[in-house]
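Counting starts at 1 for both ligands and their atoms, in listed order. Scope of the values below: all heavy atoms of this structure, side chains included, with no hydrogens, waters or symmetry mates.
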Amino acid sequence: MSPQAGATTSPVSGYGSSDMLDVRELSKSYGDVVALDDAGFAVHPGRITGFLGPNGAGKTTAMRAIFGLVTPDRGDISWQGGPVGPAERMRFGYMPEQRGLYPRMEVGRQLTYFARLHGVDRAAGRKAALQWLERLGLSERANSRVEALSHGNQQRVQLAAALVHNPELVVLDEPFSGLDPLAVTTMSAVLRELASEGAAVLLSSHQLDLVEDVCEDVVIVNRGRIVLTGAIHDLRQSHPHRVLEVGFLGPAPDWHLGIDGVNLLESRNGRAKYLVPREAQPQALMTAASRGGEIVHFAFGAPPLTAIFVDAVGTAPDRVETP
Ligand code: ATP
């Protein structure tokens with residue numbers, strides 16, 4: 001996937017390519033509210049794509065449209081080169097933001113039921129249900145009602161429900177929200193495994209550190225428009241800024257104040273990170289920094305996904321107001 005800023009109407013690469021999910025020119029309004037505005041992007045098999053955007057940007061609407069739960073005003077969605085209909089959706093898995101489990105049904109029975117809904121026979125469905133419960137550390141809860149499980153464990157069941165029929169495309173709406181660190185690790189490992197087995201994975205999240213860790217590609221949406229797509233590695237390497245990390249013998253001084261284009265990202269225990277223009281001269285920066293104190297560490301790195309997000313959208317995800 002090649003980086004593309006300001007994409008609005010066409011997928012990033014391989015238009016018409018036969019194996020991917022291809023969302024084209026998708027528009028949807030609710031009265032005066034424009035939820036999606038000519039949104040186009042692609043999700044590739046074997047890769048995990050992070051779907052990012054401020055609250056109310058249109059992520060859930062786009063995901064729901066893939067599953068026919070929202071009827072777009074315009075645009076189309078194709079999978080493996082053909083239109084997406086009920087037969088294709090049998091091979092898709094969806095983990096919705098609003099959890100869609102039956103609270104009173106036992107966990108094991110519920111998963112078998114979801115497998116059956118996707119065309120898996122009873123014996124194979126039961127086997128897959130038990131395998132997923134084991135994989136997610138829930139074997140002992142197979143006979144518990146969903147409502148008796150904690151929030152995090154219900155979320156694990158919701159994940160299993162999305163995967164129990166071995167889907168080729170998996171779409172997860174904020175799968176990490178509310179999970180403890182162990183559950184996050186399990187979720188990340190499961191998603192990586194799915195992609196390595198060839199599934200196309202699309203997930204939305206506001207936790208950019210997790211997205212950076214788990215995803216290869218990103219699609220950034222703002223006010224219904226796709227504003228940036230690409231491979232995270234490429235976007236970080238081609239970003240006009242770099243991160244400069246400086247370690248000082250004592251507390252980090254404010255040497256950067258008044259230097260054009262140098263912005264402090266964080267400072268802790270004498271180590272500070274700054275966003276600096278890619279073209280800034282290392283020697284000039286080192287000279288300026290050393291005027292403030294003795295330097296024990298000085299290194300450049302690629303900017304974090306947060307910096308790319310802020311550039312694309314204009315604000316950090318947790319500082320965005322719902323429109
Ligand atoms: P979040 O990150 O907060 O989950 P999102 O990016 O998923 O947000 P959507 O839920 O797709 O955003 O909403 C996009 C816009 O469409 C918002 O302004 C929302 O209020 C509006 N919207 C979504 N669904 C409906 C609906 N059924 N009726 C009216 N407006 C809606």
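- Using a cutoff of 4.0 Å between basic side-chain nitrogens and carboxylate oxygens, R192 and D213 are scored as salt-bridged.
- For E134, the CD atom counts as loosely surrounded, since its 6.0 Å shell holds 12 or fewer non-hydrogen atoms of other residues, nucleotides or ligands.
- Every atom of ligand 1 is numbered from 1 in the order shown, and the set under 4.0 Å from a heavy atom of K59 is 1 (P), 2 (O), 5 (P), 6 (O), 7 (O), 8 (O), 11 (O), 12 (O).
- With G56, S205, G53, S204 as candidates, the residue nearest to atom 15 (C) of ligand 1 on a non-hydrogen basis is G56.
- In terms of heavy-atom proximity, Y274 sits nearest to H256 at CE2-ND1, 3.6 Å.
- Atom 9 (P) of ligand 1 has its nearest heavy-atom neighbour, among V34, T61, D32, in T61.
- Taking all atoms of both residues into account, the shortest heavy-atom contact from D173 to P96 is CB-C, 4.0 Å.
- Under a 4.0 Å heavy-atom criterion, K28 is not in contact with ligand 1.
- Between R236 and E212 there is a salt bridge, since at least one side-chain N of the basic residue sits less than 4.0 Å from a carboxylate O of the acidic one.
- Ligand 1 is approached by H206 to a heavy-atom distance shorter than 4.0 Å.
- Inclusion of V33 in the set of residues having an N or O under 3.5 Å from an N or O of ligand 1 is not warranted.
- Those atoms of ligand 1 that come under 4.0 Å of a heavy atom in E97, given as number and element, are 4 (O).
- At most 12 non-hydrogen atoms from other residues, nucleotides or ligands lie less than 6.0 angstrom from CZ of R122.
- Backbone and side-chain nitrogen or oxygen atoms of G58 are examined, and one is located within less than 3.5 angstrom of a nitrogen or oxygen of ligand 1.
- Rounding to the nearest 0.5 Å gives a distance of 11.0 Å between NE2 of H165 and CH2 of W132.
- By the criterion of a heavy-atom distance under 4.0 Å, neither the backbone nor the side chain of A62 is placed next to ligand 1.
- Near N55, meaning under 4.0 Å from one of its heavy atoms, ligand 1 places the atoms 1 (P), 2 (O), 3 (O), 8 (O).
- Between A57 and ligand 1, a contact under 3.5 Å exists for at least one N or O pair.
- Heavy atoms of E174 come nearer than 4.0 angstrom to ligand 1 in at least one pair.
- No side-chain donor-acceptor contact under 3.5 Å links N263 and H241.
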